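Shown next, in structure tokens, is the structure this report addresses.
By convention in this document, chain letters (A, B, ...) are assigned in the order of the sequence lines, proteins followed by strands, and residues within each chain are numbered from 1. Nothing here was measured: the structure is a model prediction, and the numbers come from that model.
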Protein chains: 2
Amino acid sequence: MNIREIAKRARVSTATVSRTINRIPTVQPQLAKRVWRVVEDLGYFPNTQARALVSGRSRIFGLIVSEITNPFFPEIVHVFEDTAVHHDYEILLTSTVHDPVRMKLAVRRMLEHRVEGVAVMTFGMEESLLDDLKLRKIPLVFVDVGPPRPYVSNIRIDYLHGIRQAVQHLAALRHERIGFITGPLALRSATTRREAFVQSMNEIGITVDPQLIVEGNHTLEGGEAAFGKLARLPSRPTAVLCSNDMTAMGVMRKSYAEKIVVPQDLSVIGFDNIRISQYILPPLTTVEMSQAELGRMAFLALLNDVQRETPNRAGTEYVLKTSLVLRESTALNKRAATRAERI
Amino acid sequence: MNIREIAKRARVSTATVSRTINRIPTVQPQLAKRVWRVVEDLGYFPNTQARALVSGRSRIFGLIVSEITNPFFPEIVHVFEDTAVHHDYEILLTSTVHDPVRMKLAVRRMLEHRVEGVAVMTFGMEESLLDDLKLRKIPLVFVDVGPPRPYVSNIRIDYLHGIRQAVQHLAALRHERIGFITGPLALRSATTRREAFVQSMNEIGITVDPQLIVEGNHTLEGGEAAFGKLARLPSRPTAVLCSNDMTAMGVMRKSYAEKIVVPQDLSVIGFDNIRISQYILPPLTTVEMSQAELGRMAFLALLNDVQRETPNRAGTEYVLKTSLVLRESTALNKRAATRAERI
DNA sequence: TTGAAAGCGCTAACAC
DNA sequence: GTGTTAGCGCTTTCAA
């Protein structure tokens, strides 16, 4: 069953059927009605492949994430898909799993399917592998990477805003020795978070002891190991800020093992606000970087690029704010509090 | 750049280019070599839409899950995608979010994209909405639902195996009053798990007190509420088996609030073995239902249906075993243990 | 073994 | 406002 069959039964041309289905307003209402009747009677639906082929528009966007099993991503994927469906787009999803080969393959698949745009959420990894896409001037949106580049849009993350709130929250709870566990420093997003931490500390008059900054790798195990180092310090921190929530969970797990009670003995703050952070015990105070908002922005950025008639040479810059979500993993610094009482 | 361009430059016909690219062995090696050279020089790759249109094979499978943000699914999606890519298939993913409208829309999208098969992982929900697919004899694979149906394959879950292990593990730890928190009883998967529990208890000579079976809804909040009921019982259970891991996390959260210590005062066992279960405190003992295996089986089931020349009228039945994973949320029943010492 | 050519289902340019 | 028709890029007969 195809458009010709519909045309025959509705006694119109295929062009009229096509126009009707695409809601082109020049079709006479009565003709349109006749067409719709047949369409519904036969349960006809158009063939997207044929459509894409002739129109040169696939109505597919690619979405590249580093790992769908990383709890940070499912919400993004969900919202991206949801927004896409609302705009009659389909999504070609791929996880690179930090593997350049998979990344290369993903680019190939995107090209073969003639995607109209690609959102890249690998936070700065293997970015050069996307050159094939850039070459063909396919709209691209990145999250949180490097300097502006031609034809590429960016969603900048305002890390400083949330991290400053976190630092000030800890300072208000009278913490001074505040540790920071970074992500893998090969990632720009990780170094930027670290810098936001250092700057926020400076702003409140504290120069960060370099020993208090330890490299993690955004995994729970990395958080455990990193906190291990912090805990062995002669003067260990009373609070730890982590580059993501999984790291914070690692810190909590390690401190549980070492009989350090969160939040009484140690305040912990995460970053991302992934879904489970509210469910762990104690519920995690964290800096939210809205995954839903990120998914929506990424889709709309691509849609915007695709819909303009002149190519978006300059790229567009978007900004996603971060902000502190208070829960129960932070508390007053006991030592400082005792001191204060004496005063 | 298209196949004609390649043909011209390689001084062969488009047919030969097509054959070469599709690795049809009748092409002369030297001709093939010439074609490949041009293909590589120009960075040519075929257009999947055109291919699909003319061959009538989209090389796309649909994957319908109830919620990608449910931690049970990301691993499945990942493995499904991974296996698909290995077989040169693409995947059309959708979350129904338990919404019949979205389900209906998903079916429509699948049809428009001419998917060759659909894996349905909604565990028994809104299944009638898939009639359009059945009607068109599109290969379908379900997980864990109803009786065999024509043209539909099924992955059965051997719930009993794992649940029996869980019950026997608890019994060995001298628990007798064992509670069970079900999933939403509208779901077949939930009632089947409950029945497996009752049977396993009967097998070890215990008739389950109906008060000890409480309905949950597979969410953390549901687990909290359900355990609230169990905790208020005159004689509360010393162990609880849950219909999924999120429920178990709810139980742990609620017992934390009520100063009931897991596992000393209460043993808890989950079901599913989602990723985070190993990370929570204490690490959760749970019945594993391998998500990776499920994703792989679902893909291969569809592939199998698609590759046979005669339609799979009878459908194929697959079985996925479940089995207990011991971690740290269970312990010896204190009361019974004391009694035993006296003996 | 290779090439010529038909045609997959649809859109859009053009003619009326 | 509607119809006729070319053609999107490819696979696949069929003939040579």
Identify whether NZ of Lys or CZ of Arg in A:R149 sits under 6.0 Å from the centre of the six-membered ring of A:F142 and within 45° of that ring's axis.
-> yes
Shortest non-hydrogen contact from B:F80 to B:G295?
-> CD1-O, 3.5 Å
Residue pair B:V39 / B:I21: nearest heavy atoms and the distance that separates them | CG2-CD1, 4.5 Å
For chain A, the stretch of DNA chain D it reaches, first to last nucleotide, under 4.0 Å of its heavy atoms | D:dG1 to D:dG9
For A:F123 and A:V143 the tightest heavy-atom approach is CE2-CG1, 3.7 Å
Which ones in residues 43-61 of chain A lie close to DNA chain D, meaning a heavy atom under 4.0 Å from one of its atoms?
-> A:L53, A:V54
Contact list for residues 46-61 of chain B, test salt bridge (Lys or Arg N to Asp or Glu O under 4.0 Å), sequence neighbours left out = B:R57-B:E116
Can you name the one residue among A:I157, A:L320, A:N154 that meets side-chain contact (heavy atoms from CB on, under 4.5 Å) with A:D144?
-> A:I157
For A:M297 and A:I155, which heavy atoms make the closest approach, and how far apart are they?
-> CB-CD1, 3.7 Å
Assert: residue with more 5' nearest nucleotide on DNA chain C, out of A:R4 and A:T14, is A:R4
Cation-pi check, A:R108 onto B:F45 ring (under 6.0 Å, within 45° of axis) | no
Over all atoms of both residues, closest heavy-atom pair of B:K321 and B:D158 | NZ-OD2, 3.6 Å
Cationic N near anionic O, under 4.0 Å, B:E293 to B:R296 | yes
Considering all heavy atoms, the nearest A:Q291-A:D272 contact = NE2-O, 2.9 Å
Can you give the first and last nucleotides of DNA chain C, 5' to 3', that have an atom under 4.0 Å from a heavy atom of chain A?
-> C:dC8 to C:dA13
Contact check, residues 16-27 of chain B vs DNA chain D, heavy-atom distance under 4.0 Å, returns B:S18, B:R19, B:N22
Residue pairs passing the side-chain hydrogen bond (donor to acceptor under 3.5 Å, both in side chains) test where at least one lies in residues 23-47 of chain A, sequence neighbours excluded = none
Under a 4.0 Å N-O cut-off, is there an ion pair linking A:E81 with B:R109?
-> yes
DNA chain D nearest-nucleotide lookup for A:L31 and B:A15: closer to the 5′ end is A:L31
